[in-house]
Amino acid sequence: MTHTTDSIKELTISQPDDWHIHLRDDKALVTTVRHAAASFNRVICMPNLVPPVKNVEDARAYRARILQRVQDSDLNAERKAAFDPRMTLYLTDQTTAKDIEVAAQSGIVQAVKLYPAGATTNSADGVTDIHGRAAVFEAMEKYHLPLLLHGEVTHEHVDIFDREKRFLDEVLAQMIAKFPTLKIVMEHITTSDAADFVLAQGSQVAATITPQHLMLNRNHLLVGGIRPHFYCLPILKRRQHQEALLDVATSGSPKFFLGTDSAPHATDKKEAACGCAGCYSSSIALPLYATAFDSVGKIDTLEGFTSQFGAQFYGLPVNEGRITLTKTPMQVPTGYPYFDGQTLTPLMAGETLPWSIKA
């Protein structure tokens, strides 16, 4: 480009993909699938349902429910046809190498998700002994099926702000040494430690970054009152970590790409004495990312992060469709209708963003 980013008022990019999203199930899909399919082609759907998606049979059934909801939506035919939910299996202590082989041959399972037991929402069925899963990781290497990691230790004595760093040191470094060809995505990284760790690894290790971790830090969550709609896991960290994530996300490094971790929780479940962890961003994700990139004068690097690097990591073609972002302010809705009379409050509800999607 011959112009500076300050002069960019409109940006047309390849249709993005979301490499980490929570759609939930059943009635929730009416809202979440429409929001996701409006902006994204491929979405990697998290398997932490109740009960979890543990095998290919579960994955096929879940994918069919998602696709039915997109067909029932009011989206145009082009958006409906382009939407491709990619499935993940929930790694448990009972997952076998045979499960991995079947998944790799299914054509619909994109990866396997590892939640340390108790790390986040619906993670009670997660792995209790990561080192005991060697046969599964060897099968994943053999069949080139990536491992997606919620990268936190869950020991009660470890401070919640330190759990990502401890996971890098105590778990992930050992896994990479033991399984050097295993493709790994460290999801929703939150610290400069994680960014530096990923940069230091080979091309088989990458990371996703959420809009909230680019736009917010723990002051936004806690100063002046607790803001429950900014509460997510891994939790927001210090400002210097936020700045480090912005640096790597906008750097043009193919190791970092879009994963919203958009997670729907009804408003009353967030605004509660024990509020749920998770930020809902799917409906306004692209304006959020554009705002974050433009805040550091790097809007011209957005397309690689949103539309190219994730596809390249997964060995998939970049989408042929296009979408245009414009520097026209938009107000984030204060809420969306959800199922059974509930509401869903998005990230930055009621705030004005400088970027929007051009109709």
Side-chain angles (χ1 to χ4, degrees), residues 18-25 28 43-56 58-59 62 85-96 99-100 103 109-137 139-140 145-156 158 160-176 179 182-191 194 197-198 205-210 212-213 231-235 259-265 276-279:
D18 189 345
W19 302 106
H20 181 137
I21 193 170
H22 296 269
L23 298 175
R24 306 297 188 223
D25 205 355
V43 296
I44 287 191
C45 306
M46 292 298 107
N48 56 333
L49 308 181
V50 181
V53 177
K54 295 182 180 180
N55 54 51
V56 169
D58 294 340
Y62 183 34
R86 308 299 299 169
M87 298 293 103
T88 52
L89 296 192
Y90 190 118
L91 185 64
T92 74
D93 289 340
Q94 288 74 47
T95 303
T96 66
D99 292 329
I100 301 303
V109 175
Q110 195 72 56
V112 176
K113 181 63 185 273
L114 190 158
Y115 295 101
T120 189
T121 304
N122 299 340
S123 62
D125 290 305
V127 172
T128 60
D129 178 16
I130 291 175
H131 301 295
R133 304 285 81 218
V136 171
F137 298 143
M140 291 174 67
L145 201 60
L147 177 67
L148 313 183
L149 290 171
H150 181 110
E152 292 187 290
V153 299
T154 55
H155 316 306
E156 288 187 6
V158 178
I160 192 170
F161 291 100
D162 298 333
R163 291 182 173 189
E164 184 172 275
K165 174 69 164 64
R166 291 283 292 271
F167 185 87
L168 298 170
D169 297 340
E170 298 173 11
V171 180
L172 189 52
Q174 295 178 40
M175 286 183 65
I176 292 170
F179 307 101
L182 178 61
K183 295 193 80 166
I184 293 173
V185 180
M186 192 173 177
E187 299 198 293
H188 44 53
I189 62 168
T190 66
T191 60
F197 184 95
V198 171
V205 179
T208 58
I209 307 178
T210 74
Q212 64 264 27
H213 290 107
Y231 173 57
C232 58
L233 290 173
I235 198 165
T260 62
D261 193 20
S262 181
H265 295 284
C276 300
C279 300

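We're numbering straight along the sequence, starting at 1. Excluded from the calculations below are hydrogen atoms, water molecules and symmetry mates; all remaining heavy atoms, backbone and side chain alike, are included.
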Margin query: Taking Val112's backbone N and O only, do any of them form a donor-acceptor pair with Tyr90's side chain (distance below 3.5 Å, no angle check)?
Written below: no
Notebook entry, point to check: Hey, is the main chain of Gly259 close enough, under 3.5 Å, to the side chain of Glu187 for a donor-acceptor pair?
Noted result: no
Item checked: Pairwise distance CD(Glu164) to CG(Asp169) - rounded to 0.5 angstrom -> 11.0 Å
Note to self: So if I apply the side chain to side chain contact (heavy atoms under 4.5 Å, CB included) rule between Ile130 and each of Leu91, Leu172, Leu114, which one comes out positive?
What the structure shows: Leu114
Next item on the list: For residues Leu89 and Ala59, report the shortest heavy-atom separation together with the two atoms involved.
Entry: CD2-CB, 4.3 Å
Check: Is there a donor-acceptor contact under 3.5 Å from the side chain of Asp99 to the main chain of Thr96?
Finding: yes
Notebook entry, point to check: Can you check whether Met87 reaches Val53 side chain to side chain, under 4.5 Å on heavy atoms?
Noted result: no
Item checked: Spacing of CH2 belonging to Trp19 relative to OG1 belonging to Thr88, to within rounding of 0.5 Å -> 12.5 Å
Next item on the list: Please tell me if the side chains of Leu148 and Met46 come closer than 4.5 Å, counting only heavy atoms from C-beta onward.
Entry: yes
Notebook entry, point to check: Pro146 and Met140: which non-hydrogen atoms are nearest, and at how many Å?
Noted result: O-CE, 3.3 Å
Check: Which atom names give the shortest non-hydrogen contact between Lys54 and Asp58, and what distance separates them?
Finding: N-OD2, 3.0 Å
Item checked: Side chains of Asp93 and Val127 in contact at under 4.5 Å (non-hydrogen atoms) -> yes
Note to self: Please find the pair of heavy atoms, one from Gly151 and one from Met186, that lie closest to each other, and give the distance.
What the structure shows: O-CE, 3.9 Å
Margin query: So if I apply the side-chain hydrogen bond (donor to acceptor under 3.5 Å, both in side chains) rule between Tyr115 and each of Thr92, Asn48, Thr154, which one comes out positive?
Written below: Asn48
Item checked: Interatomic spacing from NZ in Lys165 to OG1 in Thr190 - rounded to 0.5 Å -> 12.5 Å
Margin query: Quick check: do Phe179 and Ile184 have side-chain heavy atoms less than 4.5 Å from each other?
Written below: no
Check: How far does CZ of Arg86 sit from CD1 of Ile21, to the nearest 0.5 angstrom?
Finding: 15.0 Å
Check: So do the side chains of Thr95 and Ile100 get within less than 4.5 Å of each other, counting heavy atoms only?
Finding: yes
Item checked: Within-4.5 Å side-chain heavy-atom neighbours: Thr208 and Asp261 -> no
Margin query: I need the His265 NE2 to Arg24 CZ distance, nearest 0.5 Å.
Written below: 4.5 Å
Next item on the list: Decide yes or no for Met175 and Leu147: does some side-chain heavy atom of the first lie under 4.5 Å from some side-chain heavy atom of the second?
Entry: yes
Item checked: For the student: nearest non-hydrogen atoms of Leu145 and Ala103, plus distance -> CD2-CB, 4.1 Å
Next item on the list: Measure across Ile44 and Gln110 and return the closest heavy-atom pair with its distance rounded to 0.1 Å.
Entry: CD1-CG, 3.8 Å
Note to self: Pair Leu149, Phe167 - check side-chain contact (heavy atoms from CB on, under 4.5 Å), show working.
What the structure shows: CA-CA 10 Å; Leu149 290 171; Phe167 185 87; 4.1 Å; yes
Next item on the list: Give the ring-plane orientation class for His188 versus His20, where under 30° counts as parallel, over 60° as perpendicular and anything between as tilted.
Entry: tilted
